[in-house]
Amino acid sequence: MANEQVVAALREMASLLELKGESPFQVRAYLKAADRLIEVEDVASLVREGRNLTDLPGVGKTLAEKIIHFITTGSIPQLEKLRREVPAGVVDMASLSGLGPGRVATLRRELGIESVEQLEEAVREGKVEALKGFGVKTVAAIAGSIASWKKNRRIRLHRVAREEGEEIASRLVEGGAAQAAVAGRIGRWHETASAIDVVAGVEGDAVLASIVPGGMCVEKIEGGILFTGRTTIPVRVRAVRPEPFGAALLFATASPIHAERLASIAAERGMRLEKSGLFRGDEPVPTRDEESAYRELGLPFIPPELREGGDEIDLALAGRLPRLLERSDLRGVLHNHSTWSDGKASIREMAEHASALGFEYIGLADHSRTAGYAGGLSAERLLAQMEEVEKLRSEMAPFRIFHGVESDILKDGSLDYDDDLLSRLDYVVASIHSRYGMDREGITARLTAGASNRRTTILGHPSGRLLTERDPYDFDTGAVWDAAAKGGAAIELNAHEKRLDVDWREIPGVTARGLKIAISPDAHTRKGLGEIDLAVHIARKGRLMARDVINTMTGEEMEAYLEEKKRR
DNA sequence: GCCGTTTTCGGCCCGACTGTTTTCAGTCG
Ligand SMILES: [Zn+2]
């Protein structure tokens, strides 16, 4: 039993209790316990050792019993009961922006609505607007949320889709395939996907049937099968002969334009590149992997991240492919949280873990004043934190701790502390955390002001998107990058799997202005500090090289860089 | 549901904003 499952169960109970209208304090107790468990190494082993879970702050007699029951039996009776009482459709409704527990309760009580579909119909029929407390604007906002929910429900986060793709690939290999791998958008490291593609190199296609979950209906497609996966998005599995597997995988991972271009290069060389691989006449050209497939086409290996159909093939032909950033280039991480705001680990724990991960430095940027819900720091607390960091610094040298803050960019574009206080910090991450329904002009002005503030070192998660949940703000990206360039701020590539923000499609526009990127985990836990691999792939999609990224600097260089920025 | 204690209940993280209000409830972050 993994910790994540226990945490997920407690959080699910919290949200179901909230939707049932239970006391907010009870709801918070579940969330607090879940938060506490995140930072415990392994709850299951604590239970096995007979340790008392109530020793953990936030876990009392009741929750300890539930946790033990869950770990030993895999379920919690009360959770099962709550799931029956609160239909999944109601949970979906509460996920719509503009709808919270209060309005969902009213909709259920007054109109008997228990799903987004029913809600959509009621909105259309004008029943919702007739309710007390639901005016024209509220209903319009709900309608908008329903539309974006319908769009998002067909999309999965990269990790979710990749996990299922890799599970399928390994089952194919267990079933006798010579090789199998994830292809498609996930294969070329898109941040989300609406389908999962897997290619297998295998004689015959008998193995395909073995990987379909029981009772699932399967559709036959060219060279393979299509079915609905565990994550409820379509899964396409293609079987190709083992010899040309590398070329088939390459073809399936490339964007249509990249694939087409490769196909015409193959044709020029008297070969044929298609879904099933590379052929000369009827004979497959042996390509063990993608690299050998490229070699047969007279090209160097083009990393999957670049296979978008831009000018990557021209660059490859000219021998001018960029030397892309690698995970090992990153020598430190800025923008992390601690228990001083909403982080789950202390400054010391975070710093020690960063050091253990091989980083030379950590940047601490807890939430600011206005983010009260997230334990945002008052000016006094920020100063007190400064002292604590100072003490830890001498202890941990030569490992470096940089003291910053993640300052909200307020509605008027100003930062959350006075200039004097900000000037005493090593650096500032400036970010927006509340939209206030501002329009393009308003949000652009706000971001521009935040980005160009002389104290801003990094513009945090600039688009505000939450993949599969919230669209980015509509803003004039060019104007914002220009503003950042003026003040010498870097742009963040936030590594949170739902953010991956700035969008990689925007990165060329950022680097073209001479701006740097900071790849930040935005970690709230020790484990989170290391969760930046996907962001590195995303950075590579934006063709970032080590020199474009500030946290490839050594600790010494970073110290000088931040000093220099402050003097500007 | 947890915690602490002034020992068994009462307090527990909040401030800004919006829309529908005519004095405030609900949402957001
Ligand atoms: Zn943030």
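Residue numbers begin at 1 in each chain, while the letters A, B, ... track the order of the sequences.
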Under 3.5 Å between N/O atoms: give me all the protein pairs with nucleotides 24-28 of chain B, atom names plus distance.
{"residue": "dT27(B)", "atom": "OP1", "partner": "G100(A)", "partner atom": "N", "Å": "2.4"}
{"residue": "dT27(B)", "atom": "OP1", "partner": "G100(A)", "partner atom": "O", "Å": "3.0"}
{"residue": "dT27(B)", "atom": "OP1", "partner": "R103(A)", "partner atom": "N", "Å": "2.9"}
{"residue": "dT27(B)", "atom": "OP2", "partner": "G102(A)", "partner atom": "N", "Å": "3.0"}
{"residue": "dT27(B)", "atom": "O5'", "partner": "G100(A)", "partner atom": "N", "Å": "3.4"}
{"residue": "dC28(B)", "atom": "OP1", "partner": "G98(A)", "partner atom": "N", "Å": "2.3"}

The Watson-Crick or G-U wobble partner of dG15(B), with both key distances under 3.5 Å, is dC28(B)

To the nearest angstrom, the CG-C1' distance between D366(A) and dG29(B) comes to 16 Å

Tell me whether R540(A) forms a cation-pi arrangement with W504(A), defined as NZ or CZ under 6.0 Å from the six-membered ring centre and within 45 degrees of its axis. no

Could you list the protein-to-nucleotides 2-5 of chain B atom pairs, N/O on both sides, closer than 3.5 Å?
{"residue": "dC2(B)", "atom": "OP1", "partner": "G60(A)", "partner atom": "N", "Å": "2.7"}
{"residue": "dC2(B)", "atom": "OP1", "partner": "G60(A)", "partner atom": "O", "Å": "3.3"}
{"residue": "dC2(B)", "atom": "OP1", "partner": "L63(A)", "partner atom": "N", "Å": "3.1"}
{"residue": "dC2(B)", "atom": "OP2", "partner": "T62(A)", "partner atom": "OG1", "Å": "3.2"}
{"residue": "dC3(B)", "atom": "OP1", "partner": "G58(A)", "partner atom": "N", "Å": "2.8"}

### Message
Under a plain distance cut-off of 3.5 Å, with no hydrogens placed, do R185(A) and T192(A) share a side-chain donor-acceptor pair?
### Response
no

Under 3.5 Å, is there a donor-acceptor pair between the H335(A) and E406(A) side chains? yes

Distance check: side-chain N/O of Y30(A) vs OP1/OP2 of dG1(B), anything under 4.0 Å? yes

To the nearest angstrom, the CG-C1' distance between L31(A) and dG29(B) comes to 14 Å

Work out how far the P atom of dC28(B) is from that of dC12(B), and round it to whole angstrom.
25 Å

- [ ] Please work out which of the three classes, parallel, tilted or perpendicular, describes the rings of H433(A) and H461(A), given edges at 30° and 60°.
- [x] perpendicular

| For the side chain of H337(A) and the backbone of A365(A), is there at least one donor-acceptor N/O pair under 3.5 Å apart? | yes

Side chains of H403(A) and D426(A), donor plus acceptor under 3.5 Å: no

To the nearest angstrom, the CE-P distance between M438(A) and dG29(B) comes to 14 Å

*asked:* Looking only at the side chains, is there a donor atom on one of D366(A) and S341(A) sitting less than 3.5 Å from an acceptor on the other?
replied: yes

Here the distance between atom P of dG29(B) and atom CG of L466(A), to the nearest Å, is 8 Å

I142(A) CD1 to dT18(B) P, in whole Å, measures 17 Å

Rounding to an integer number of angstrom, what distance separates dT20(B) and dG26(B) when you compare their P atoms? 14 Å

Separation of dG29(B) atom P from E18(A) atom CD, nearest Å, is 14 Å

Using the P atom as the reference point in each nucleotide, state the distance between dT6(B) and dG1(B) in Å, no decimals.
26 Å

Whole-Å distance, E22(A) CD to dC12(B) C1', equals 17 Å

Short side-chain to backbone donor-acceptor contact, D522(A) and N494(A), under 3.5 Å: no

Regarding the side chain of Y436(A), the nearest nucleotide among dC13(B), dT18(B), dG1(B) is dT18(B)

Sequence neighbours excluded, the answer for salt bridge (Lys or Arg N to Asp or Glu O under 4.0 Å) partners of E129(A) is none

H337(A) atom NE2 is separated from dG29(B) atom P, nearest whole Å, by 15 Å

